[in-house]
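The structure appears right after this line, and notes come after that.
Letters go in sequence order (proteins before strands), and every chain restarts at 1.
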Amino acid sequence: MTILTRDFGEMEIAENDIIRFGQQIYGFDNYTDFVILYDDSVGDDFAWLQSTQEPELCFLLAKPSAAADSYHPQVPPDIVGQLGKGEYEFWLIMVVPADIKDSTVNLKSPIVLNMASHSAAQVILEESYPIRFRIFDAREGE
Amino acid sequence: MLILSRKIGESLYINDDIEIKIVEVLGDKVKIGISAPRDVKILRSELRQTVESNMEAAAAVAPVNLRNFLSNRGKG
């Protein structure tokens, strides 16, 4: 099927590419269906979470490894029940202000994906991770 | 910010119709009971901050801008 995307124009996607959020992305209650879009030119640390229901709704995601060396979120049991068993992928929602170097990622409330069951959720973790972590600041040792 | 101390089982009122009660204290966790009319919105602060952050995140950033930024950074 063809969908209209915010940043990549029209794209052809398969039904199988669609990821369903059983529990909403906080603040976006009515939008459940998304696809993940990659752009080789930015590498695989980043991806776009594009709504298949609203072309203008799209989030930039970053891989936790791009932000922190060690990130071991505990997914609460009710979310595990919702997503089903399998390998979970974690992505962080990124806020990009006018100056990209000031971008932040939300380590406290990651997006958890179960690609095998095509389901996802945004989880607010118990652990005290920051909601706005500056992803492009040089890390120790760099 | 008004700071009060309460013992377990004690409560306080906000306006006439909102009651906040300390139900239980277990280690570093405090269980708080809230009685309020249905139209009063009660939100954990991390949930509210997540909603705010999500809303800002939904603003557009063109891939070309991110691409340029990353290559100028000497990475990717």
Side-chain angles (χ1 to χ4, degrees), chain A residues 5-9 24-29 31 37-49 51 54 56-62 66 92-111 122-133 136 138 142, chain B residues 1-9 11 14 18-76:
Chain A
T5 69
R6 189 191 66 188
D7 297 337
F8 302 100
Q24 80 282 20
I25 295 178
Y26 290 100
F28 294 89
D29 295 14
Y31 300 99
L37 303 175
Y38 299 91
D39 180 351
D40 286 339
S41 64
V42 301
D44 54 6
D45 276 347
F46 300 97
W48 277 257
L49 186 67
S51 167
E54 169 51 63
E56 285 305 304
L57 181 60
C58 187
F59 296 95
L60 181 61
L61 303 178
L92 311 175
I93 290 190
M94 199 157 143
V95 175
V96 183
D99 195 339
I100 298 188
K101 74 162 167 42
D102 295 326
S103 297
T104 61
V105 290
N106 188 341
L107 283 160
K108 174 80 172 171
S109 326
I111 301 291
Q122 181 172 32
V123 177
I124 301 185
L125 301 172
E126 287 277 323
E127 302 95 303
S128 54
Y129 286 111
I131 289 180
R132 292 172 189 265
F133 179 80
F136 294 127
E142 276 181 1
Chain B
M1 175 170 266
L2 176 66
I3 311 274
L4 301 172
S5 284
R6 300 279 66 197
K7 294 201 272 228
I8 296 173
S11 62
I14 296 174
I18 300 171
E19 185 188 2
I20 315 258
K21 185 172 186 169
I22 309 300
V23 170
E24 195 180 341
V25 174
L26 272 174
D28 61 353
K29 272 212 176 117
V30 182
K31 200 175 268 185
I32 300 171
I34 305 159
S35 293
R38 300 192 107 230
D39 62 335
V40 173
K41 205 169 60 168
I42 300 167
L43 224 49
R44 286 175 294 148
S45 45
E46 61 271 23
L47 202 150
R48 182 168 145 159
Q49 286 163 26
T50 292
V51 169
E52 280 170 9
S53 153
N54 282 351
M55 301 221 140
E56 284 178 42
V61 52
V64 62
N65 292 341
L66 182 63
R67 195 182 306 152
N68 290 340
F69 174 80
L70 290 174
S71 49
N72 288 341
R73 219 174 144 234
K75 233 184 158 195

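Under the side-chain contact (heavy atoms from CB on, under 4.5 Å) criterion, Pro130(A) pairs with Leu107(A), Phe133(A), sequence neighbours left out. For Lys31(B), the salt bridge (charged side-chain N to carboxylate O under 4.0 Å, His left out) test picks out Glu24(B), with sequence neighbours left out. Lys29(B) pairs by the salt bridge (charged side-chain N to carboxylate O under 4.0 Å, His left out) definition with Glu126(A), not counting sequence neighbours.
Proximity to chain A at a heavy-atom threshold of 4.5 Å picks out Gln49(B), Thr50(B), Val51(B), Glu52(B), Ser53(B), Asn54(B), Met55(B), Glu56(B), Ala57(B) from residues 48-57 of chain B, in numerical order.
A distance of 4.0 Å separates CG in Leu47(B) from CD1 in Ile124(A), rounded to the nearest 0.5 Å. In this structure, CZ on Arg67(B) lies 13.0 Å from CZ on Phe46(A), to the nearest 0.5 angstrom. Of the inter-residue distances, the one linking Leu66(B) atom CG with Asp39(A) atom CG reads 8.5 Å to the nearest 0.5 angstrom.
Ranked by non-hydrogen atom pairs under 4.5 Å with chain B, the options Glu56(A), Lys108(A), Lys101(A) are led by Lys101(A).
Interface remark: Phe136(A) contributes backbone and side-chain atoms alike to the contact with chain B (heavy atom separation under 4.5 Å). Looking at Ala58(B), the atoms closer than 4.5 Å to chain A (heavy atoms on both sides) sit in the backbone and in the side chain alike. At a 4.5 Å heavy-atom cutoff, the contact between Ile25(A) and chain B is made by backbone and side-chain atoms alike.
More than 12 heavy atoms of other residues, nucleotides or ligands sit less than 6.0 Å from atom CG of Asp99(A).
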